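Shown next, in structure tokens, is the structure this report addresses.
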Amino acid sequence: MRFLQLPREVECIDKYEVEGLYGVCVTPSREYIIYDKVLAERSLSDLEKSVQELLRSVITRGEREVSGVIERADVAVKHILQRQFFGYGVVEPLILDDNVIDIHVLSGRPIRVTHRRHGELDTRIALSEEELKELVLRLSTLAGKVISEATPLASFIEPRYETRVSVVYYSDVTLRRGLTVDIRKQPKKPWSIIKLLDAKTLSPDEVAFLWLVVKYKIPVMIVGEMMSGKTTVATAILNLTPPKSKIMTIEDAPEIRLCTPYWTRTTTRDSPENPVTVFSLLRVALRLSVDYVVVGEVRGEEARDWAQAILLGHGAVTTFHADSPQSALLRLTTPPISVNPQALRMLNVFVKMIPFRREAGLERRAEIYVYDEEKLTPLYTYNPVSDEIKLNPSISSPIKDFSFFKRASLAHGITLDDLEKEFECMRRIIVEVHSEAKKIDSKLEKPDICELSETLYKRLREAGFY
Ligand SMILES: Nc1ncnc2c1ncn2[C@@H]1O[C@H](COP(=O)(O)OP(=O)(O)O)[C@@H](O)[C@H]1O
Ligand SMILES: [Mg+2]
């Protein structure tokens, strides 16, 4: 740790503790300062004494078991040993801080973090190239990935904190200049759709619409920039599928979390001898009789096989890095992706993520677009002035105005009138469940995604729609 104490001259606009071990101060000049509370409370001579005691016990007892040594160490010494030898050194406190959602490390530069409330902040911590190399090797070894000058690019989930680590290793790729590591954290618990509703990311109408759409297996694509909340929304709406749906997820790094017991969770493997690609996993998915095929993120030519899955009538939820549904459609239909236009006619619903900064921190709003008969129409749009999401006034019914619901009505033997009634019922249930949950736990940690899915479908059954 570079800081044992908060430097005296510093003013903080936000100040809090992390697990009782560290203190954090965010300054008006957008600096993130983290300091060690455990060590700050100890004098240097005191610490020296503890270390000497530890050394003596190692020498006199001939201790071989490292864990035994640590077990008997003094609190402060234990704290350092744990962080430096078993944890990730100076990066560890940043990982422990739940408010930090992204950690960006370039050798020799101050580490930058993305903070849940304050956005991008600079820290006063920098790692030398040697220190960063050591950290990368430790992270990758734990995840069972090989990183070297020959294989300099990697993205994996580090198992201890389940953070997603992306590395560009020192090599000819970086012109042998420096090394970049990005650590992306997941919330401890996935956000439920009710929590997204409460955060005003989605309106009750939008939630009901998406619930109807996934229930009837109409494919959904979520677009937005990086960190705009695509995977968060994908996870929440996938948990609106009927309980016990058969779902196969295909991801580079496992982020999506589901409740259904019939969940085939797969990730790609980028080993040089035996690679498993999104493409090969999709081939398998098409042979399994699953209800939904979920590709975490569609990027390149594998989109053609994903489109095939849609054509075969699988439900599909996917994310795509694009700033709008228009540009997503354009990129999907032109080289190198060149998806079969026939399949795109089945891709009828787009969610567009809009991230922005407010006083309260980083927020997200979602718009919904409908792609019907080769025409893209905004359905629910966001007005930043009133901070409201509203139905496009030229739409009279979000169900009957679009021809793709006819496809769903034929496939499921249900009339358009009944679909519309179900949509109304879903909206009522969502509003009820949200206000009931709010009374029990204002932060909406409860109900979790599994309890929520059960409640929603129980109420839908009581209303005669399931
Ligand atoms: N609606 C939201 N409101 C506030 N924070 C959010 C919201 N959705 C996501 N986040 C936070 O933003 C970060 C990135 O979200 P993620 O869904 O992984 O984005 P993407 O898939 O677009 O890169 C996560 O740490 C998450 O907790
Ligand atoms: Mg994502």
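None of these values were measured; they are calculated from a predicted model. Indexing begins at 1, ligand by ligand and atom by atom, following the structure's order.
Not a single heavy atom of T319 sits less than 4.0 Å from an atom of ligand 1. At a 4.0 Å cut-off, not a single heavy atom of E363 sits close enough to ligand 1 to count as contact. Residue contacts with ligand 1 do not include G224, since none of its heavy atoms lies under 4.0 Å from the ligand. At least one heavy atom of R184 sits less than 4.0 Å from an atom of ligand 1. Distances from ligand 1 to the non-hydrogen atoms of Q186 include no value under 4.0 Å. At least one heavy atom of E225 lies less than 4.0 angstrom from ligand 1.
The minimum heavy-atom distance between M353 and S228, with the atom names listed, is CE-O, 3.4 Å.
From the protein, the heavy atom lying nearest to atom 1 (N) of ligand 1 is T201 OG1, 2.7 Å. Closest to atom 15 (O) of ligand 1 among all protein heavy atoms lies T232 OG1, 3.6 Å. Counting only heavy atoms of the protein, atom 5 (N) of ligand 1 lies nearest to R364 NH1, 3.6 Å. From the protein, the heavy atom lying nearest to atom 25 (O) of ligand 1 is I101 CG2, 3.2 Å. Looking from atom 21 (O) of ligand 1 to the surrounding protein, the closest heavy atom is T231 OG1, 2.7 Å.
Annotation: the span from R265 atom CZ to R257 atom CZ amounts to 7.5 Å, rounded to 0.5 Å. Here the CG-CG distance, from D305 to L282, works out to 5.5 Å after rounding to the nearest 0.5 Å.
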Apply side-chain contact (heavy atoms from CB on, under 4.5 Å) to residues E134 and R138 and explain how you reach the verdict. CA-CA 6 Å; E134 200 196 304; R138 187 178 295 183; 3.5 Å; yes
Let's go through Y32 and D97 carefully: what are the C-alpha distance in whole Å and the side-chain angles of both, what is the deciding distance for side-chain hydrogen bond (donor to acceptor under 3.5 Å, both in side chains) to 0.1 Å, and is it a yes or a no? CA-CA 11 Å; Y32 174 96; D97 181 354; 2.7 Å; yes
Between E420 and S397, does a side-chain hydrogen bond (donor to acceptor under 3.5 Å, both in side chains) hold up when you go through it step by step? CA-CA 8 Å; E420 198 162 54; S397 158; 2.5 Å; yes
Using the rule given for side-chain contact (heavy atoms from CB on, under 4.5 Å), can you reason through M248 versus H314, listing the C-alpha separation, both sets of side-chain angles and the distance that settles it, and then say yes or no? CA-CA 11 Å; M248 174 154 167; H314 295 286; over 6 Å; no
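The Mg ion (ligand 2) has an N, O or S atom of T231 closer than 2.8 Å.
Residue G229 places at least one N or O, backbone or side chain, under 3.5 Å from an N or O of ligand 1. Annotation: L362 places no N or O atom under 3.5 Å from an N or O atom of ligand 1; distance criterion only. Inclusion of R116 in the set of residues having an N or O under 3.5 Å from an N or O of ligand 1 is warranted. By the 3.5 Å distance cut-off applied to N or O atoms, W191 is not counted among the residues near ligand 1.
When E297, K185, K230 are ranked by how near their heavy atoms come to atom 22 (O) of ligand 1, first place goes to K230. Of the candidates K200, R117, M353, M227, M227 brings a heavy atom nearest to atom 14 (C) of ligand 1.
In this structure, E301 contributes its side chain and R304 its backbone to no donor-acceptor pair below 3.5 Å.
Aromatic rings of Y457 and W211 (six-membered ring for Trp) have centroids within the 6.0 Å cut-off, being under it.
Using a 4.5 Å heavy-atom cutoff, the side chains of V113 and L94 are in contact. Side-chain contact between L196 and R364 is absent, with no heavy-atom pair separated by less than 4.5 Å.
With a 4.0 Å heavy-atom cut-off, ligand 1 is reached by no atom of A199.
Each of V223, L329, L376 was compared with Y369 under the side chain to side chain contact (heavy atoms under 4.5 Å, CB included) criterion, and only L376 meets it.
Ligand-side atoms of ligand 1 in range of L196: 1 (N), range being under 4.0 angstrom from any heavy atom.
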